[in-house]
Amino acid sequence: MALICTIPPYITKHKNVTPFEIHKFVKHLCSLSLHYPHEFDHCFKSHSFYASLIDNSTHITHLYQVHNQLVLSGLQHNRFLMTKLVNQSSNLGQIFYARKLFDEFPDPDLFMWNAIIRTYSRNNMYRNVIEMYRWMKWVGLHPDKFTFPCVLKACSELLDFGLSCLVHAHVIVYGFGSHVFVQNGLVALYAKCGRIGMARMVFDRLYDRTIVSWTAIVSGYGQNGEPWEALRMFDQMRKTDVKPDWISLVSVMRAYTDVDDLEQGRSLHGCIIKMGLEEEPDLLISLTAFYAKCGEVTVAKSFFDKMKTPNKVMMWNAMISGYAKNGHAEEAVELFQAMISRNIKPDSITLRSAVLACAQVGSLKLAQWMDDYVRKSKYGGDIFVNTTLIDMYAKCGSVESARLVFDRASVKDVVMWSAMIMGYGLHGQGWEAIYLYHAMKQEGVCPNDVTFIGLLTACSHSGLIKQGWELFHCMRDFGIKPRNEHYSCVVDLLGRAGYLKQAYVFILKMPIEPGVSVWGALLSACKIHRCVTLGEYAAQKLFSLDPYNTGHYVQLSNLYASSRMWDRVAYIRVLMKEKGLTKYLGYSVIDINEKLHTFHAGDMSHPQAKEIFYELQRQERRLKEVGFVPHTESVLHDLNYEEKEENLCIHSERIAVAYGLISTAPRTTLRITKNLRACVNCHSAIKLISKLFEREIIVRDANRFHHFKDGLCSCGDYW
DNA sequence: ATAGGGTTAG
C-alpha cells in the first residue's frame, strides 16, 4: 500500500508533527485497518511505531486511541509500551488515567512501578508515593536508583524524619549508599527536615559532586537560617569545575536576600545577565523578591511587570511581601486586591503577606475586610495565617478581635500563643497576658524567647513591676537566654518604679553587650524621673551605637525640657543641625467611613479644615473651662515637630481627634495611628477629651497603644 | 525506556 509506505517514516521520524496530524493519522489508520486488516499487520505490530505515537501525543484523546489500538492488536500486555503509556499520561497530567492503566496491568515490573511512583511525585501527591513504595516492597520488588529519588523527595515534602531514616536504611540495604542521584536526594531531604548537619555529612562524603549536589547543600543552609554558610558553600563551588545553572542561582539569590546584601546581589545579577539566564521565569521571581526585600521596590516592580505568565502566584507573593516589608503597605494591599480582581488564586503565603501589610496600614476596617477574606478562603484554618491575623488585629487597635481569631483557631502553637500575649502587651493588658501564659503552660505548650518578650513588654506597659521581675527569672527554668529585648523590658520596669540606680547596675551586670533598646529604656526612665546625669550618659551610649537616629536626640531634649534646662535644649537643636539630622515630620491617620485621612501638624489641607478648626477651638474652650493647663514647655520644645507648627500648638493627633469627633456618631470609638511617640501635652489633652466628650479614643504611637477612657490612659502616663 | 536540586515565610 502506497499510503503506508509514505506516512510511517514521516510520522515516526519527524519530531515536529502537530497533535492534529497525529490525531488525524491514527484515526485514518484505524479506520483503514478495519477494511484491510492484513495490509496493516506489519505496521500495527511495530513497537517503535507505537512508541513514537505515544511520545508525540499531546492530548489525552491520542492516548485513548493508541491504547484502544494496542488492545485490538493484542499488545495491551506489552510492558515496554504500557509503561510508556503510563509515563506519557503522567506527562500530560492525567494521574488517574495513569493509575487506571497501572491497576489494569496484570503483573507490573519495576519500570511500571517507577512510572506510577514518578507520576505521583511529579504531581505533589507524596502520600501516594509512599503508599505505592510500601506496596511495591510488599509484593517483593527491590527499589532501584530510579525509585529512591522520588521516594526521598516525598519524605522531604512530608517532613517525616522517622520515615526518612527508614528510607535511608533501605538505600543502604539495597546498595545505593554511594549513588550520586540517591545521595543528592538525601542531602536535600535532611536539609528540609532541619538536620543540616546530617545533610552536610552526606554531602561531604560525596566524591562526585554535581551542580545538583551543590544546589542541595546551598539551599539547605539557606532554609536552615544560615545564609552566610550558604554563600560560603557557593564560593567553594565556584572554585570547582561545576558551572552554576539557573536553579542553583535561585538559592544563591535567596541567600543574598536573607543577608540583605544589595551590592553582592547586584553583582550576581550581572553574572546572571552574562550567562543569559535573566529570562528564566523562576529566577526572575527570585530577583524580584531580592530587590523588593532590599528596598529597591521600583526595580522589583519592573521585573514584576515583565512577567510573562501573569498567574504565577509566587511572583505576586514576592512583590506583595516585598512591598509589605519596606513600608509600602498600601501598595501591597492594592496589589493584593488587583490580584483578586484578576481571579488569581492567592495561596497561604500571599495571605500572610497581605495580612502583614494590613497590620502596617493600621486601619481596623481594612483588617476586618482581610479577616473576612481569609475566612471565606480555604486558609481559614492555616496556623500561619491565623497568627498573622492575631498580630494584625492587635496592631490595628482591636485586641478583642485578635482574641476572637485566637479562640476560633483549632490548632495553636507557641508562636500563636506568643502573638496573642504580645497583642495584650502592646495594649497594656498585662494581666490578660499573664493569664494566657498560664493557660498556655496548662495546655502543655512550652514558652520560648518570644513568649517572654511578649510577657515582659506586657508587664512593662502595664506597670506590673513585681510580676515582670519574677517572669524574667522564670526564663532560666526553660533554658532561655535573655536577649537585649528582654533586658530592656527589665530596665523599663525598674525605671518606671523609679529605681534608676538599680536599673543602671542591672545594665552593668548584663552578660551580653547592652544594645540600643536597653539604653533607650534607661533614657526614657530618666526623662520621666528627671534624672539628667544618668540620662546624658545613656544618651551618649545611644549616640555612639545608633548615631543617625533622630529619636534619641529628641528624647534627650525632652529630658532637658522636663528639667527646664532650656540652654541644653537649644544646644541639642544646634547639635542636630551640625550632624545634618532632620526631624521626622509627625503625622496621624484616622479611618473614617473606610477612608484613611492623614493629618500633619497644623494641617489646613483637608476639605473640611474649617469645621475641624472650629471643633478644635470648641475643645480648647471646654478644656480651659475645666482648668486644663497646657504643658507649654514640652509643646514648645518638642523636637518631634517643625518649628512653625510648634507655634500653632496643634499637633496632628489633636486634629485627627477633632475630625473624628465631628465625623462619627456619639460614643463611637476613635482609632488613630501616629508615626511618632505621643507628646505629653496631647496625651493629657486627649485624656480629658475622652472624659468631656464621652469617647473611647485609641491611639497607636510608634511604640504602643494608648487607650483613653474616662479621663485616663491605659499606659498609666508612662511611655 | 524511567531520575535528582530551587523560589514567598508567623
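Treat the numbers as computed from the prediction; the structure is a model and nothing was measured. In the text below, chain A, chain B and the rest are named by the order of the sequence lines, each starting its count at 1.
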For residues 244-254 of chain A, please give each side-chain donor-acceptor pair under 3.5 Å, one per line with the distance, not counting sequence neighbours.
| from | atom 1 | to | atom 2 | distance (Å) |
| --- | --- | --- | --- | --- |
| A:D245 | OD1 | A:I247 | N | 3.4 |
| A:D245 | OD1 | A:S248 | N | 3.1 |
| A:D245 | OD1 | A:S248 | OG | 3.2 |
| A:S248 | OG | A:D245 | N | 3.1 |
| A:S248 | OG | A:D245 | O | 2.7 |
| A:R254 | NE | A:D258 | OD2 | 3.4 |
| A:R254 | NH2 | A:G222 | O | 3.1 |

Q. Which of residues 104-117 of chain A sit near DNA chain B, with a heavy atom under 4.0 Å from it?
A. A:F111, A:N114
(Q) Mind checking if A:K192 touches a base, just sugar-phosphate, or nothing, with heavy atoms under 4.0 Å? (A) sugar-phosphate
Q: Would you classify A:T83 as touching base, sugar-phosphate or nothing, given that sugar-phosphate means primed atoms plus P, OP1 and OP2, and contacts are heavy atoms under 4.0 Å?
A: base
(Q) Students often get this wrong, so: under 4.0 angstrom with heavy atoms, is A:I383 touching a base, only sugar-phosphate, or nothing? (A) base
Q: Please list, chain by chain and in numerical order, all residues satisfying salt bridge (charged side-chain N to carboxylate O under 4.0 Å, His left out) with A:E330, sequence neighbours excluded.
A: none
Q: Please work out if A:R122 contacts a base, only the sugar-phosphate, or nothing of the nucleic acid, heavy-atom cut-off 4.0 Å.
A: sugar-phosphate
Q. With ring centroids as reference points, do A:F304 and A:W316 lie under 6.0 angstrom apart?
A. yes
Q.
Can you pull out the residues from residues 243-261 of chain A that lie within a 4.0 Å heavy-atom distance of DNA chain B?
A. A:D245, A:W246, A:I247, A:V250, A:S251, A:R254
Q.
Students often get this wrong, so: under 4.0 angstrom with heavy atoms, is A:S348 touching a base, only sugar-phosphate, or nothing?
A. nothing
Q.
Going by the rule salt bridge (charged side-chain N to carboxylate O under 4.0 Å, His left out), which residues pair with A:D371 if we only count those two or more places apart in sequence or in a different chain?
A. A:R375, A:R408
Q: Compute whether any side-chain donor of one residue and acceptor of the other, for A:Y221 and A:R200, lie under 3.5 angstrom apart.
A: yes
(Q) Looking at A:R122, I'd like to know if its CZ atom is crowded, meaning that more than 12 non-hydrogen atoms belonging to other residues, nucleotides or ligands lie closer than 6.0 Å. (A) yes
**Q.** Under-4.0 Å salt bridge between A:R266 and A:E296
**A.** yes
Q.
Could you work out, with side-chain hydrogen bond (donor to acceptor under 3.5 Å, both in side chains) as the rule, every residue matching A:D260, not counting sequence neighbours?
A. none
Q: Using a 4.0 Å heavy-atom cut-off across all strands, classify A:I211 as base, sugar-phosphate, or nothing.
A: base
Q.
Give me each pair satisfying salt bridge (Lys or Arg N to Asp or Glu O under 4.0 Å) with a member in residues 77-106 of chain A, each pair once, sequence neighbours excluded.
A. A:D55-A:K84, A:R79-A:D107, A:R99-A:D103, A:K100-A:E104
Q: Have a look at A:N386 and say if it touches a base, only the backbone sugar-phosphate, or nothing, with a 4.0 Å heavy-atom cut-off.
A: nothing
Q. Are more than 12 heavy atoms from other residues, nucleotides or ligands located less than 6.0 Å from atom NZ of A:K345?
A. no
Q) For the residue pair A:I211 and A:K243, what are the closest heavy atoms and their distance? A) CD1-O, 3.5 Å
Q: Decide side-chain hydrogen bond (donor to acceptor under 3.5 Å, both in side chains) for A:Y126 and A:K153; before the verdict, give the C-alpha distance in whole Å, the side-chain angles of both, and the deciding distance to 0.1 Å.
A: CA-CA 8 Å; A:Y126 301 108; A:K153 172 107 197 283; 3.2 Å; yes
Q: Provide the closest heavy-atom pair for A:T83 versus A:A115 in the form atom of the first, atom of the second, distance.
A: CG2-CB, 4.0 Å
Q. More than 12 foreign heavy atoms under 6.0 Å from CE of A:M201: is that the case here?
A. no
Q | Modelled atom types, side-chain donor and acceptor of A:Y424 and A:R403, under 3.5 Å | A | yes
Q. Taking the six-membered ring for Trp, are the ring centroids of A:W214 and A:F234 within less than 6.0 Å of each other?
A. no
Q | Within residues 147-161 of chain A: residues closer than 4.0 Å to DNA chain B (heavy atoms) | A | A:P149, A:K153
(Q) Determine whether the aromatic ring centres of residues A:F111 and A:F146 are separated by less than 6.0 angstrom. (A) no
Q) What residue pairs, at least two apart or across chains, pass side-chain hydrogen bond (donor to acceptor under 3.5 Å, both in side chains) with a residue in residues 169-183 of chain A? A) A:Y133-A:H170, A:K137-A:Y174
Q.
Among residues 182-190 of chain A, which ones have heavy-atom contacts with DNA chain B below 4.0 Å?
A. A:N184, A:A188
Q. How would you label the contact of A:K293 with the nucleic acid (heavy atoms, under 4.0 Å): base, sugar-phosphate, or nothing?
A. nothing
Q: Under 4.0 Å from any atom of DNA chain B, heavy atoms only: list the residues of residues 212-227 of chain A that qualify, in numerical order.
A: A:V212, A:T215, A:S219, A:Q223
Q | Range on DNA chain B touched by chain A - first to last nucleotide, heavy-atom distance under 4.0 Å | A | B:dA1 to B:dG10
